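Bear in mind that the values here come from a model prediction, so they are computed numbers and not experimental data. As a basis for the values below, the full set of heavy atoms in this structure was taken, side chains included, without hydrogen atoms, waters or symmetry mates.
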Amino acid sequence: QVQLVESGGGLVQPGGSLRLSCAASGSIFGAIAMGWYRQAPEKQRELVARIIGGSTNYADSVKGRFTISRDNAKNTVYLQMNSLKPEDTAVYYCNVVMGDSGRVVANYWGRGTQVTVSS
């Protein structure tokens, strides 16, 4: 059983930077996918960044500004956010998809961390 805990959220001014961390209590090495989603008030949850198939992909709105990475030794996934904009304001959730022999067997979510970009 994997538990995910996000941290690093907070209030930041437009143009600023923030680094989110997602610590897993269980090993996520070999996960099918690891990523970050966000949900703003009155909007649906959307994919922000993801590591899958040995590569990364990003939402068009964050390309060039956000970077997802992982540290296997620390069992942690990160999201570096630069040049933040007010529209980035949302609750950010960590997501990990586990598999067995190529088949998805579990989809884990953290409780989320609030990111507010405002002057």
Side-chain angles (χ1 to χ4, degrees):
Q1 188 73 213
V2 173
Q3 291 186 323
L4 307 176
V5 180
E6 302 97 335
S7 63
L11 175 64
V12 64
Q13 295 184 344
S17 298
L18 212 57
R19 189 192 194 195
L20 305 183
S21 298
C22 173
S25 62
S27 177
I28 57 173
F29 180 79
I32 293 176
M34 297 164 286
W36 290 90
Y37 290 71
R38 68 186 181 187
Q39 187 166 23
E42 307 301 321
K43 293 186 177 181
Q44 295 185 1
R45 189 171 299 186
E46 65 173 350
L47 174 68
V48 177
R50 178 173 58 186
I51 300 174
I52 185 171
S55 62
T56 59
N57 57 277
Y58 300 87
D60 289 340
S61 60
V62 307
K63 285 183 178 178
R65 300 189 297 119
F66 291 10
T67 303
I68 187 172
S69 62
R70 65 182 294 182
D71 187 329
N72 290 331
K74 296 181 179 180
N75 213 30
T76 301
V77 181
Y78 302 96
L79 183 67
Q80 179 65 48
M81 305 184 293
N82 298 325
S83 302
L84 284 162
K85 305 174 180 179
E87 50 262 46
D88 294 319
T89 296
V91 177
Y92 284 70
Y93 299 91
C94 180
N95 173 248
V96 174
V97 180
M98 303 299 294
D100 183 8
S101 300
R103 180 184 177 86
V104 175
V105 297
N107 195 345
Y108 298 101
W109 293 91
R111 293 186 179 277
T113 184
Q114 177 70 48
V115 172
T116 302
V117 184
S118 176
S119 60

Any chance you could measure Thr113, atom OG1, to Tyr93, atom OH, to the nearest 0.5 Å?
10.0 Å
About how many Å separate CG of Leu84 and OG1 of Thr89, when rounded to the nearest 0.5 Å?
8.5 Å
Inspect the surroundings of CD in Glu46 and state if more than 12 heavy atoms from other residues, nucleotides or ligands are less than 6.0 Å away.
yes
Closest non-hydrogen contact found for Ile28 with Ala24 is CG2-CB, 3.6 Å
Separation between CG (Leu18) and CD (Gln80), nearest 0.5 Å, reads 8.0 Å
Would you indicate whether Gln44, at its atom CD, is surrounded by more than 12 heavy atoms from other residues, nucleotides or ligands within a distance under 6.0 Å?
no
For residues Leu4 and Tyr92: do they belong to one hydrophobic cluster (side chain heavy atoms under 4.5 Å, members Ile, Leu, Val, Met, Phe, Trp, Tyr)?
yes
Does Asp100 pair with Arg103 as a salt bridge, N-O distance under 4.0 Å?
no
Quick one: does any side-chain atom of Asn57 pair with a main-chain N or O of Ile51 as donor and acceptor, under 3.5 Å?
no
Do the side chains of Trp36 and Met81 get nearer than 4.5 Å, heavy atoms only?
no
How long is the straight-line distance from CD1 of Ile68 back to CE of Met34, given to the nearest 0.5 Å?
7.5 Å
For Ala90 and Ala40 the tightest heavy-atom approach is CB-N, 3.8 Å
Output yes when Glu6 and Arg111 qualify as a salt bridge under the 4.0 Å nitrogen-oxygen rule, no when they do not.
no
Is there a path of hydrophobic side-chain contacts, each under 4.5 Å between heavy atoms, that joins Tyr37 and Val91?
yes
Quick check: closest heavy atoms across Asn95 and Tyr108, and the distance to 0.1 Å?
ND2-O, 3.0 Å
Is it the case that one hydrophobic cluster holds both Tyr78 and Val62, taking links as side-chain heavy atoms less than 4.5 Å apart, direct or via other members?
no
Report whether Val105 and Ile32 are members of the same hydrophobic cluster (ILVMFWY, side-chain heavy atoms less than 4.5 Å apart, transitive linking).
no
State, to 0.1 Å, how close Tyr58 and Thr67 come at their nearest heavy-atom pair, and which atoms those are.
OH-CA, 3.4 Å
At what distance, to the nearest 0.5 angstrom, does OG of Ser83 lie from CZ of Phe66?
9.0 Å
Which heavy-atom pair separates Ala33 from Arg50 by the least distance, and what is that distance?
CB-CD, 4.2 Å
Same cluster for Leu47 and Trp109 if Ile/Leu/Val/Met/Phe/Trp/Tyr side chains link at under 4.5 Å?
yes
Nearest heavy-atom approach of Gly9 to Val115 is CA-CG2, 4.2 Å
Spacing of OG belonging to Ser25 relative to CG belonging to Asn75, to within rounding of 0.5 Å
8.0 Å
Checking Asn72, Thr76, Val77 against Lys74 for side chain to side chain contact (heavy atoms under 4.5 Å, CB included), the one that qualifies is Thr76
Is there side-chain contact between Ser17 and Val12, with heavy atoms separated by less than 4.5 Å?
no
